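Numbers restart at 1 for each chain; the letters A, B, ... are given by sequence-line order, proteins then strands. Hydrogens, waters and symmetry mates play no part in the numbers below; they use all other heavy atoms, side chains included. Bear in mind that the values here come from a model prediction, so they are computed numbers and not experimental data.
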Protein chains: 2
Amino acid sequence: MESVISDADSCIVHQFEKMVELSESEINLLAALERDARKFDSGERLAFAGEYSDRFYTLRSGWACAIKTMADGQRQILDIFLPGQILGLREIGLSHSLTEFRALTPIEACPFPKQRLTEIFEKSPRLTDLFFLIMAREQAMLIERIVNIGRRNAAERLAHFIVEMKVRLNQRACEFHLPMNQSVIGDTLGISSVHVSRTFKHLRDLGLIDNKNGQIEINNLEGLIDLSGFDRTYLETYPDWTRLTKPSKRGY
Amino acid sequence: MESVISDADSCIVHQFEKMVELSESEINLLAALERDARKFDSGERLAFAGEYSDRFYTLRSGWACAIKTMADGQRQILDIFLPGQILGLREIGLSHSLTEFRALTPIEACPFPKQRLTEIFEKSPRLTDLFFLIMAREQAMLIERIVNIGRRNAAERLAHFIVEMKVRLNQRACEFHLPMNQSVIGDTLGISSVHVSRTFKHLRDLGLIDNKNGQIEINNLEGLIDLSGFDRTYLETYPDWTRLTKPSKRGY
DNA sequence: CGATTTCTTGATTCTAATCAAAAACAGTGG
DNA sequence: CCACTGTTTTTGATTAGAATCAAGAAATCG
């Protein structure tokens, strides 16, 4: 198989290296998941809910999301994916997709067969631990989302979402582009698009943010965090790596 | 270590055997997670949020839940655990607990060190796959919960919750005991306890259920499913077991 | 049986949904 | 560069759903 993308360039390897130092062979295993990049237009669907699916995608560039559409046409967005993430990891072991995956911007995504992960499990217990960890962190995000939707009002939800995106984008600067229209944001937060507009205005009036044309500028991060009840530990609660620091014993 | 409980009796082994046939050695590995049963009173806490934790619990009998408490004292219940489940699986790799775990009834739970799971990963790739699968199914439940809370009104949420519990309890009969008061149910569904009461009345008035003293009787399951928009596939979407049917190649 | 918790019901308030229409903006082709 | 089109955002008016407050009824526990 020919590598279109050099391994050093791999988003997913970067992602993993943020967590732990990788061996040569581990880098190769991971980078193999990110060949064969395909382009998708903004709004294009990568997979349908309920459809048979034997593959995942790694996201190389752009933003994507997982969507669940209800019988009456309402939608709930469940994840926002950034480059380096794997789309659909939670569907390992399921033959049919639980959710729809859709590009939020023009993206490059690299399909690979689910089976490839099982192979990694067999070859590298260390990467197995890491994949387990990634799933665990995705669950942590889902949990935070449940709390957000279940127990916070619109202003708190939106504030929380903005802080979360800022943290995930790892921006030093307090300004970033959010490639989601207010209808999509509403579907993420469980509120109507009209109310998203009002809530943005409310946050502006409070002097917490400015937003214009999909650009978010945070004027008062502390204020946003206070309002939202953002749990600083939730993305920072860093793993207990002790058992991962030793090099892999088994082969590969 | 002395075995208080015979392996054949292990809840967690039963749970796994629902999914796939286990070898002798796999049964031993799993059953080892369920020795040393400890009793907890109804309402007792097994772990605090934010606390250092190097252990999981397997739940042997009774019901438990995971709770997130917010700064202002509001609570959101994130999971309801039934016998055979592992409490806190999602916190593998995190040194501190994300949520609080609390008994909903008097329970027996068996603590075991997180490390034990890593050992299982090293010894049995087949069980590794299964643990991944379990996490994946937990995520599927969290997703359904997000949709439930984000996009359904109180009647739909409660109806959905009742159907979900019925399915999870695997009851042929349409009557079961729900050991949660209406305040706890409200914290699960993201509505107030008062509104839970009204919503039960509403479902009774529609002739869908009867409920009294924590006992639920479903009078019209189809009606409940229709009202709630329950996705029949979501707990039924059964795994693609093909790659699990072959026996383990590696040792153990 | 009394004490405490849980459930029910009513009245009121608040938040957000819905409906509708205008304003702002982005993309297109001339 | 501008006029045209479609989309997105904003704003207002109204309605609906659920929270809150409060008090009485029912169930549970010791």
- [ ] Give the rounded distance in Å between these two atoms: CG of A:L189 and C1' of C:dA17.
- [x] 15 Å

Task: B/S/- contact track for nucleotides 15-30 of chain D, protein heavy atom under 4.0 Å - done: ---BSBB-----SS--

TODO: Check whether the side chains of B:E156 and B:S228 place a donor and an acceptor atom closer than 3.5 Å, and report yes or no.
DONE: no

Task: A:S197 vs D:dT9: side-chain N/O to OP1/OP2 distance below 4.0 Å - done: no

Open item on the list: Could you tell me how far apart A:I185 (CD1) and D:dT7 (P) are, to the nearest whole angstrom?
Closed with: 19 Å

TODO: Let me know the distance between CE of A:M180 and P of D:dT7, rounded to the nearest Å.
DONE: 19 Å

Task: Nucleotide C:dT6, atom C1' - distance to CG of B:N211 in whole Å - done: 13 Å

- [ ] State, without any angle test, whether A:E91 and A:S97 hold a side-chain donor-acceptor pair at a distance under 3.5 Å.
- [x] yes

Open item on the list: One thing to verify: whether B:K166 and B:E217 come together as a salt bridge, which I'm taking to mean a side-chain N less than 4.0 angstrom from a carboxylate O.
Closed with: no

Open item on the list: Restricting to salt bridge (Lys or Arg N to Asp or Glu O under 4.0 Å), what partner residues turn up for A:R90, sequence neighbours left out?
Closed with: A:D79

Open item on the list: Checking A:R145 against A:Q76: is there a side-chain donor and acceptor pair closer than 3.5 Å?
Closed with: no

TODO: Rounded to the nearest angstrom, tell me the gap between atom CZ in A:F200 and atom P in D:dT10.
DONE: 8 Å

TODO: Please examine the side chains of B:L59 and B:L82, heavy atoms only from C-beta on, and report whether any two atoms are closer than 4.5 Å.
DONE: no

Task: Helical bend (five base pairs per end, nearest 10°) for the helix from C:dC1-D:dG30 to C:dG30-D:dC1 - done: 50°

Task: A:E156 CD to C:dC14 C1', straight-line distance once rounded to whole Å - done: 14 Å

Open item on the list: How many whole angstroms separate atom CZ of B:R204 from atom P of C:dC7?
Closed with: 11 Å

- [ ] Return the value, rounded to whole Å, for the distance between atom NZ of A:K201 and atom C1' of D:dT8.
- [x] 17 Å

- [ ] Report yes or no: is the cationic atom of B:K114 (NZ for Lys, CZ for Arg) under 6.0 Å from the centre of the six-membered ring of B:F56, at an angle within 45° of the ring normal?
- [x] yes

Open item on the list: Can a side-chain donor-acceptor contact be found between A:S10 and A:E34 if the only test is distance below 3.5 angstrom?
Closed with: yes

TODO: Verify the contact: side-chain N or O of A:Q182 to OP1 or OP2 of D:dT7, cut-off strictly under 4.0 Å; return yes or no.
DONE: no

- [ ] Could you label the plane-to-plane angle of the A:F81 and A:F101 rings as parallel, tilted or perpendicular, counting under 30° as parallel and over 60° as perpendicular?
- [x] tilted

